Protein chains: 2
Amino acid sequence: MTSGTLNPTSGPSSRSEASSSRDVLTRLRTDIVSSVFGPETRLKFADMTKRYDVSIGTLREALSQLSSEGFVTVEAGKGFKVSPVSAVELIEITDHFISFEKRAVREAIVHGGEDWEANIVAVHHRLSLIEGLPWERRMERHSEWVERHREFHEAIVAACPGRWLFRLRSIMFDQLDRYRFVTKRAPEGLGGRKFEEHREIMMATLARDADLASALIEQHIRDTSERALKLL
Amino acid sequence: MTSGTLNPTSGPSSRSEASSSRDVLTRLRTDIVSSVFGPETRLKFADMTKRYDVSIGTLREALSQLSSEGFVTVEAGKGFKVSPVSAVELIEITDHFISFEKRAVREAIVHGGEDWEANIVAVHHRLSLIEGLPWERRMERHSEWVERHREFHEAIVAACPGRWLFRLRSIMFDQLDRYRFVTKRAPEGLGGRKFEEHREIMMATLARDADLASALIEQHIRDTSERALKLL
DNA sequence: ACTCTTTCCTTTTTCGAAAATACGAATACT
DNA sequence: AGTATTCGTATTTTCGAAAAAGGAAAGAGT
């Protein structure tokens with residue numbers, strides 16, 4: 001692309017790396033997380049190429065990578081299908097994530113600098129812009145919420161120096177997103193609490209209160225997972 | 001298992017799934033682990049296609065998946081290169097792996113049945129066949145040793161019911177393999193101890209002594225990593 | 001002398017067709 | 001009647017060429 005006039009927030013994938021390959025990967029993952037393709041659904045190339053308007057090869061690459069991330073399973077010769085979901089898996093993922101996240105936030109609080117703090121505030125603000133909306137309007141922008149929610153939690157632990165700890169927690173977070181989705185349809189009264197919880201997490205983190213932040217995060221995640229568990 | 005007559009050591013990749021795609025993935029990973037391509041090396045398609053005798057597309061898929069696993073990094077438009085190695089990363093990976101493995105072995109000991117036990121004995125025997133060899137002969141079959149070593153440690157924790165725990169420990173194990181390789185050139189006197197350690201781990205596990213097995217494994221891994229750390 | 005632009009060459013990225021493989025139905029055989 | 005075999009269809013897997021993008025060197029302009 002020669003003319004760089006338009007790009008700021010439009011373009012593919014929102015994050016730096018362009019290339020339609022990276023883009024289709026993101027879109028496909030989003031569609032799986034959003035249950036556009038339910039668990040166990042076979043992902044046929046013929047349908048997919050039309051839906052995403054990319055070639056077979058490009059699609060195959062994306063699917064292949066998604067299998068590394070655990071979103072799809074692949075059986076040689078039989079193609080790809082969306083990984084199954086189960087209550088026991090949700091419980092396991094939740095436990096792992098909480099374990100990682102608690103350690104990561106502790107590390108981040110120790111090592112975080114001014115940029116880290118500033119980014120948390122900024123990203124939290126972006127998140128609150130959607131969470132403060134009335135129920136219906138918020139639902140309209142649900143996919144944006146998912147993205148900003150991810151960014152918020154990521155910002156909290158971004159200063160964690162352990163790159164693998166960060167990576168592992170991100171893998172688990174993405175998996176949780178899949179289950180989190182089922183709470184989308186939950187009654188608004190319960191979900192509304194999240195708004196305050198995020199604020200509390202932010203405050204505790206900026207106050208460098210590792211114990212409190214850690215406890216709030218655990219409660220926050222466990223609560224969401226338990227709600228998902230009932231709706232499963 | 002369907003037809004168990006021939007399989008034990010034949011075919012590509014030793015594990016079930018065939019397809020040259022899966023095969024090139026394994027070979028490429030092995031070559032990176034074995035430092036055939038050192039850290040930071042650019043992996044050009046032109047060279048790779050000749051080396052592995054597969055098409056660009058197939059290779060790209062393998063590379064792409066390897067990037068999910070953390071062995072290669074990819075920058076859009078600039079291609080793939082082997083991930084760097086560092087002492088701090090080794091330390092982090094070691095800690096994560098030990099943490100996972102200790103939990104996994106506990107779980108395995110609780111849930112493992114007769115098949116699990118039998119498989120441990122069988123795989124350990126295969127490993128000991130190489131480890132019992134005199135130094136030079138053993139070095140000749142080093143790549144086989146790597147594979148059997150992996151199979152042994154995997155067998156120990158195979159009965160762990162937490163699939164993500166199993167998966168996470170496997171990711172870390174593969175990463176460790178990369179660093180473990182540098183100890184290949186270590187003097188024989190030190191490496192010889194491993195032979196006994198593996199046996200002790202097996203015995204403790206079969207005796208269902210979780211505390212002992214757990215401690216032995218920690219010592220075993222930490223020792224190897226520390227040796228690698230010095231040679232780095 | 002330095003910087004910016006243009007051009008060429010290398011490498012990556014994408015594509016869709018061709019080959020290989022698995023699945024299912026219909027037919028033949030015991 | 002039940003089982004095995006063969007054939008046809010649907011899908012996946014692999015391939016290499018065409019398009020896009022990046023990087024380096026030469027040339028023009030200040």
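All chains are named by letter (A, B, ...) in the order of the sequence lines, taking the proteins before the strands, and each is independently numbered beginning at 1. All values derive from a computational prediction rather than experimental measurement.
Remark: B:Arg42 is in phosphate contact with C:dT12, judged by side-chain N or O atoms under 4.0 Å from OP1 or OP2. Contact between the side-chain N/O atoms of A:Thr58 and the OP1/OP2 oxygens of C:dT13 is not found at any separation under 4.0 Å. For the pair A:Arg60 and D:dT12, the criterion of a side-chain N or O lying under 4.0 Å from OP1 or OP2 is not met.
The closest side-chain donor-acceptor pair between A:Arg103 and A:Ser99 falls under 3.5 angstrom.
Using bins of under 30°, 30° to 60° and over 60° for the plane-to-plane angle, the ring pair B:Phe100/A:His96 lands in the perpendicular bin. The aromatic rings of B:Trp145 and B:His198 sit tilted relative to each other, their planes meeting at an angle between 30° and 60°.
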Discussion item. For a side chain to side chain contact (heavy atoms under 4.5 Å, CB included) check, start with the C-alpha distance between B:Thr30 and B:Thr26, then their side-chain angles and the critical distance, and finish with the verdict.
Written reply: CA-CA 6 Å; B:Thr30 301; B:Thr26 305; 4.3 Å; yes

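Within residues 43-57 of chain B, the residues that have a heavy atom under 4.0 Å from DNA chain D are, in order of number, B:Val54, B:Ser55, B:Ile56.
Between the P atom of C:dC15 and the CD atom of B:Glu61 lies a distance of 16 Å, rounded to the nearest Å. With rounding to whole Å, B:Asp23 atom CG is found 15 Å from D:dT13 atom P. Atom C1' of nucleotide C:dT12 and atom CD of B:Glu75 are separated by 13 Å, given to the nearest angstrom. Atom CG of B:Leu59 is separated from atom P of C:dT12 by 10 Å (rounded to the nearest Å). Put simply, NZ on A:Lys78 is 13 Å from C1' on C:dG24, counting in whole angstrom units. One can place NZ of A:Lys81 at 12 Å from P of C:dC23, the figure rounded to the nearest angstrom.
Remark: aromatic rings of B:His149 and B:His124 are distant, center separation not under 6.0 Å.
Residues satisfying the ring pair (Phe, Tyr, Trp, His ring centres under 6.0 Å) test with B:Tyr179, not counting sequence neighbours, are none.
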